[in-house]
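Data block below; observations after.
Below, chain A is the first sequence line, B the second, and so on; all start at residue 1.
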There are 2 protein chains.
Amino acid sequence: MFKRVLIAEDQQSANISVRKMVEDMGITGAKYVYHCDDALLQLKNALLEDDPFELLITDLLFEPDDRPQKLPGGEALITASKQLQPGLKILVFSAEQRGAVIASLFNTSKINGYVRKARRDAEELQGAISSIYKNKLHHPSNIEHPILKNIHEFSPYDVAVIRLIAEGKSQKEISAYLDAHHIRPSSLSSLEKRLNLIRESYDFTNNGQLIAFCKDLGVI
Amino acid sequence: MFKRVLIAEDQQSANISVRKMVEDMGITGAKYVYHCDDALLQLKNALLEDDPFELLITDLLFEPDDRPQKLPGGEALITASKQLQPGLKILVFSAEQRGAVIASLFNTSKINGYVRKARRDAEELQGAISSIYKNKLHHPSNIEHPILKNIHEFSPYDVAVIRLIAEGKSQKEISAYLDAHHIRPSSLSSLEKRLNLIRESYDFTNNGQLIAFCKDLGVI
DNA sequence: TTTTGTTTTACGGTTTCCCGTAAGGATTGT
DNA sequence: ACAATCCTTACGGGAAACCGTAAAACAAAA
């Protein structure tokens with residue numbers, strides 16, 4: 001089992017629980033911090049002392065307090081940690097439940113496991129730690145994988161367009177924006193066609209519905 | 001100090017922390033449950049055995065699982081508990097941070113304390129229990145007023161309309177829907193006027209922006 | 001280079017949405 | 001009852017979004 005585990009969690013009560021779960025698994029070399037910057041510092045120090053951490057358990061959302069932080073949240077911490085110590089295993093423990101966000105953690109940030117703060121989270125956390133120790137990924141049990149079972153994948157282009165709509169831009173304005181930023185295609189016609197394609201694949205009738213859907217999924 | 005405390009919290013890790021905090025205060029007669037209905041049952045049984053609970057610590061949001069519940073959430077549990085046992089002290093432990101919601105808990109539901117799940121929540125929870133034991137109210141330290149210091153309050157009518165837009169209904173369809181459900185005003189013109197008013201007060205240019213805003217705020 | 005196929009753009013017609021004006025109804029105060 | 005005011009509705013012009021079709025631009029292969 002892991003010997004060196006680092007816990008980054010700003011919420012004190014959650015921090016305590018995670019600690020307890022880890023201890024109950026017989027892991028004694030666990031450290032815990034309440035700030036992202038402290039977490040990265042601990043990782044660095046452990047590397048320097050040639051006794052690196054094997055697993056990082058971290059939250060995603062860290063609330064700002066009187067101590068200004070360089071790392072704004074869990075995702076930044078994960079990126080920085082991976083850069084510092086590529087072999088580090090990462091387990092995310094968060095209340096986030098939007099499929100797109102979680103999927104991106106696995107695909108882009110290359111995390112090893114995700115446990116959502118929910119009913120059986122304590123048990124699941126221990127299971128996840130065991131799985132990751134065996135080099136397996138731990139996907140959240142309850143979460144649907146909406147982005148995977150959907151027909152349409154949102155490209156960066158789509159996301160940009162949808163975001164602009166959600167900001168109140170008209171399609172004509174969006175067309176001009178795309179043109180100005182040399183994003184192709186930029187014509188109003190292409191824009192309409194693209195939106196129509198997205199709407200069609202989801203049976204949406206207006207873009208209000210599209211915005212609501214993307215907000216729920218965490219696409220924007 | 002309290003002798004009989006009941007903990008209602010569906011999130012296992014949070015439930016464990018609260019239990020630990022309570023135990024650390026020397027309270028041995030604490031029980032814990034994961035469902036609202038179980039909480040009410042425990043309160044009833046304790047009353048029948050003439051050994052009633054003195055304090056209820058409860059979450060607000062309970063996620064549905066395979067056990068169907070009569071009480072949909074913490075607020076319903078609080079109401080039912082107060083009706084069953086008016087003298088029961090109630091401490092809410094939740095992630096909710098909207099000032100209006102918390103204020104309503106104190107004013108309407110007559111709770112004795114509120115601790116928000118945040119950085120120093122474990123310490124604060126113990127402090128709150130002490131305060132309540134001394135018949136004092138415990139208000140949350142961070143009175144966070146969210147973005148909702150705006151001019152416009154969303155009426156149930158507004159919410160219904162916005163929800164229908166987010167479902168992809170056209171304004172004509174919404175007008176027909178309102179008419180069919182005897183919600184007044186129902187005319188297309190009134191609908192347009194109402195939406196225009198909302199948009200104006202927030203400087204929105206289209207209803208996609210409105211949907212995004214409401215999704216962020218949790219209005220829909 | 002020519003051919004072939006795909007992507008992007010241009011444009012016209014239709015629907016929906018936006019926004020003003022004015023007329024009808026209801027409510028309140030005198 | 002009357003007037004004043006507010007709320008609701010009806011209607012019409014204009015803007016934006018929607019949805020075809022066809023032309024133009026581009027890319028890849030022969």
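- As a whole-Å value, the separation of A:L197 CG from D:dC19 P is 12 Å.
- The pair B:D121-B:R116 does not meet the salt-bridge criterion, since no charged nitrogen lies less than 4.0 angstrom from a carboxylate oxygen.
- For the 3.5 Å distance criterion, the side chains of B:S175 and B:S186 fail to qualify, holding no donor opposite an acceptor.
- Screening residues 64-87 of chain B for salt bridge (charged side-chain N to carboxylate O under 4.0 Å, His left out), with sequence neighbours left out, gives A:R119-B:D65, B:D38-B:R67.
- Atom CG of A:L191 and atom C1' of D:dC19 are 14 Å apart (whole Å).
- Here A:F62 and A:H35 keep their ring centres 6.0 angstrom or further from each other.
- Residues B:L210 and B:C214 meet the side-chain proximity criterion, which asks for heavy atoms closer than 4.5 Å.
- In terms of heavy atoms, A:L47 sits closest to A:P52 at CD2-CB, 3.7 Å.
- A salt bridge links B:K117 with B:E9; the closest basic N to acidic carboxylate O contact falls under 4.0 Å.
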When you check every protein heavy atom under 4.0 Å of nucleotides 5-18 of chain C, what one-letter string (B, S, -) results, 5' to 3'?
-> ---SBBB----SSB
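- Overall bending of the helix from C:dT1-D:dA30 to C:dT30-D:dA1, expressed as the angle between end axes built from five pairs apiece, is 30° (10° steps).
- For A:H138 and A:Y114, the gap between ring centers reaches or exceeds 6.0 Å.
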